[in-house]
Amino acid sequence: MPELPEVETVVRGLIPDLVGARCGKPWVDWEKVLDGMSLSDFAGLVENQTIQRLHRRGKYICIHLSKGFLVVHLRMTGRLYLSDQRQGDDPWVHFSLALDNGRFLAFSDARKFGRVQWVTDLDFLEAKLGPEPLELGPADFVPLLQGSSRAIKVFLLDQKRIAGVGNIYADEALFLARINPTRPVDSLSDPERQRLGKAVVKVLSAAIDYEGASIQWYRKPDGNQGESQKHFQVYGRTNNPCLVCGSPVTRNVLGQRGTHFCGKCQC
DNA sequence: CGTGGGACCTGAACGC
DNA sequence: TGCGTTCAGGTCCCAC
C-alpha cells in the first residue's frame with residue numbers, strides 16, 4: 001500500500017515515541033518477517049540497543065540503533081505503530097519489539113509481504129534506490145527522465161530511477177502533468193520532463209500534507225486514516241468523469257499495474 | 001536491455 | 001449463504 005507519503009507520515013508519527021527508547025525483547029509469530037534471520041539472532045543484535053533516530057529512504061523506514069539499523073518495508077498492507085500490548089487485538093501483528101517505556105513497536109501486515117530486517121549499514125539501499133524526488137528541482141528531472149524506451153508510467157515505478165513513487169502517485173502525477181502513461185520515456189520533450197518532475201513533487205508533497213492515503217489498509221501510527229484518498233484526480237476513478245474535461249477516466253494495465261488516466265487530457 | 005509472467009500472501013468486493 | 005473470480009499503495013526472480 002504505502003508509497004513515499006504514507007511512509008513519511010509513519011516515520012514522522014513514530015519519532016516522538018521511538019527516539020531515545022531502549023529495545024527489549026522482540027517477538028514474532030511468523031519468523032519469515034525477519035527476512036531470513038532467526039528470532040534468537042535478531043534478539044541478540046537488538047536487545048538493549050537504543051534508538052537514535054529514524055528516517056525514510058524511498059519507501060523504507062530506517063531505525064538507527066546504537067549499533068546497526070532496523071529497516072522496515074510495509075509493502076502492501078504493513079502497519080507500524082506503538083501499542084500497549086505485544087499483539088493486542090490486531091490479528092495481523094507478526095512482529096513486535098518491547099521498549100523500555102513499557103510499550104511495544106508493533107508491525108502488522110495482513111498479506112505478509114512486509115519485512116523487518118536488521119542490517120549493519122544502509123549501503124544496500126543506496127545501491128538499489130534512485131534519488132529522493134523531494135530533494136530535486138524541476139531541472140534535475142530532465143536528465144533523470146531519459147535513457148529508456150519504456151512507458152513513462154512503468155519508468156516512474158522503477159525505484160532505481162526515482163525512489164518512493166508508487167502506483168497511486170505515478171498516475172496522479174501523470175494526470176497533473178497531462179502526460180499519457182503509455183508514452184515512451186524518450187519521446188518526452190524537455191519541457192514535459194520538467195512538467196512531470198514538478199507534478200511528482202507537487203503530488204507527493206500534497207499527499208504528505210494530507211498524511212497519506214487510506215484506501216483499505218494504511219493507517220497512521222495513531223490508528224487514524226490519512227486524507228489523501230479524498231483528493232485523487234484519477235486513481236480509482238475508472239469510468240467516472242475526468243475532473244477537468246468530463247470524459248470518462250480510462251483504466252488499463254501497464255507493467256501489470258492498474259493505470260488510470262484521462263485519454264482526452266493526457267496526450 | 002525490456003517485457004511478461006509468476007511468486008510471495010491474505011482479505012474484500014462482486015457476480016451468480 | 002456459499003463459492004469462484006478478481007483485484008489490491010510492492011518487489012524480486014526467471015524465461016524469452
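Note that the coordinates shown come from a computational prediction; the quantities given were computed from them, not determined experimentally. Naming convention: chains lettered A, B, ... in sequence-line order (proteins, then strands); numbering from 1 in each chain.
Here R12(A) pairs with E8(A) under the salt bridge (charged side-chain N to carboxylate O under 4.0 Å, His left out) rule; sequence neighbours left out. Not counting sequence neighbours, the partners of D29(A) by the side-chain hydrogen bond (donor to acceptor under 3.5 Å, both in side chains) test are H94(A). Take R183(A) and apply the salt bridge (charged side-chain N to carboxylate O under 4.0 Å, His left out) test, not counting sequence neighbours, and it matches E192(A).
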Could you list the donor-acceptor pairs under 3.5 angstrom formed between side-chain atoms of residues 67-74 of chain A and any protein atom two or more places apart in sequence or on another chain?
| residue | atom | partner | partner atom | Å |
| --- | --- | --- | --- | --- |
| H73(A) | ND1 | R75(A) | N | 2.9 |

Could you go through residues 120-145 of chain A and list every donor-acceptor pair under 3.5 Å that involves a side-chain atom there, pairing it with any protein atom two or more places apart or in another chain?
| residue | atom | partner | partner atom | Å |
| --- | --- | --- | --- | --- |
| D121(A) | OD1 | D123(A) | N | 3.0 |
| E126(A) | OE1 | R57(A) | NE | 3.4 |
| E126(A) | OE1 | R57(A) | NH2 | 3.0 |
| E126(A) | OE2 | R57(A) | NE | 2.9 |
| K128(A) | NZ | Y60(A) | OH | 3.2 |
| E132(A) | OE1 | R56(A) | NH1 | 2.9 |
| E132(A) | OE1 | R56(A) | NH2 | 3.1 |
| E132(A) | OE2 | R57(A) | NH1 | 2.9 |
| E132(A) | OE2 | G58(A) | N | 2.6 |
| D140(A) | OD2 | G137(A) | N | 2.7 |

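Counting side-chain heavy-atom gaps under 4.5 Å among Ile, Leu, Val, Met, Phe, Trp and Tyr, the cluster of V244(A) also holds F175(A), V234(A), V249(A). Clustering of Ile, Leu, Val, Met, Phe, Trp and Tyr side chains at separations under 4.5 Å places Y81(A) together with W27(A), V93(A).
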Could you list, one pair per line, each protein nitrogen or oxygen that sits under 3.5 Å from a nitrogen or oxygen of nucleotides 1-3 of chain B, together with the distance?
| residue | atom | partner | partner atom | Å |
| --- | --- | --- | --- | --- |
| dT3(B) | OP2 | R150(A) | NE | 2.9 |

Handout entry: Contact state string [nucleotides 11-16 of chain C, B base, S sugar-phosphate only, - no protein heavy atom under 4.0 Å]
Key = SS----
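Remark: W30(A), K32(A) in residues 28-40 of chain A come within less than 4.0 Å of DNA chain B through at least one heavy atom.
With a cut-off of 3.5 Å on both pairing distances, the Watson-Crick and G-U wobble pairs of DNA chain C assemble into stems of 3 or more at B:2-8 with C:10-16, B:10-16 with C:2-8.
A side chain to side chain donor-acceptor pair (under 3.5 Å) check over residues 253-267 of chain A, counting only residues at least two apart or in different chains, returns the pairs K153(A)-T259(A), D171(A)-H260(A).
Between dC9(B) and W92(A), no contact under 4.0 Å exists linking OP1 or OP2 to a side-chain N or O.
T9(A) and Y210(A) share no donor-acceptor pair across their side chains, judged by distance under 3.5 Å alone. Using a 3.5 Å distance cut-off with no hydrogens or angles, the side chains of D90(A) and S108(A) do pair a donor with an acceptor.
We find that CZ of F113(A) is positioned 12 Å from P of dG11(B), with the value rounded to whole Å.
Two residues, G255(A) and Q216(A), neighbour DNA chain B, and the one matched to the more 5' nucleotide by heavy-atom proximity is G255(A).
Here Y235(A) lies in heavy-atom contact (under 4.0 Å) with sugar-phosphate atoms only.
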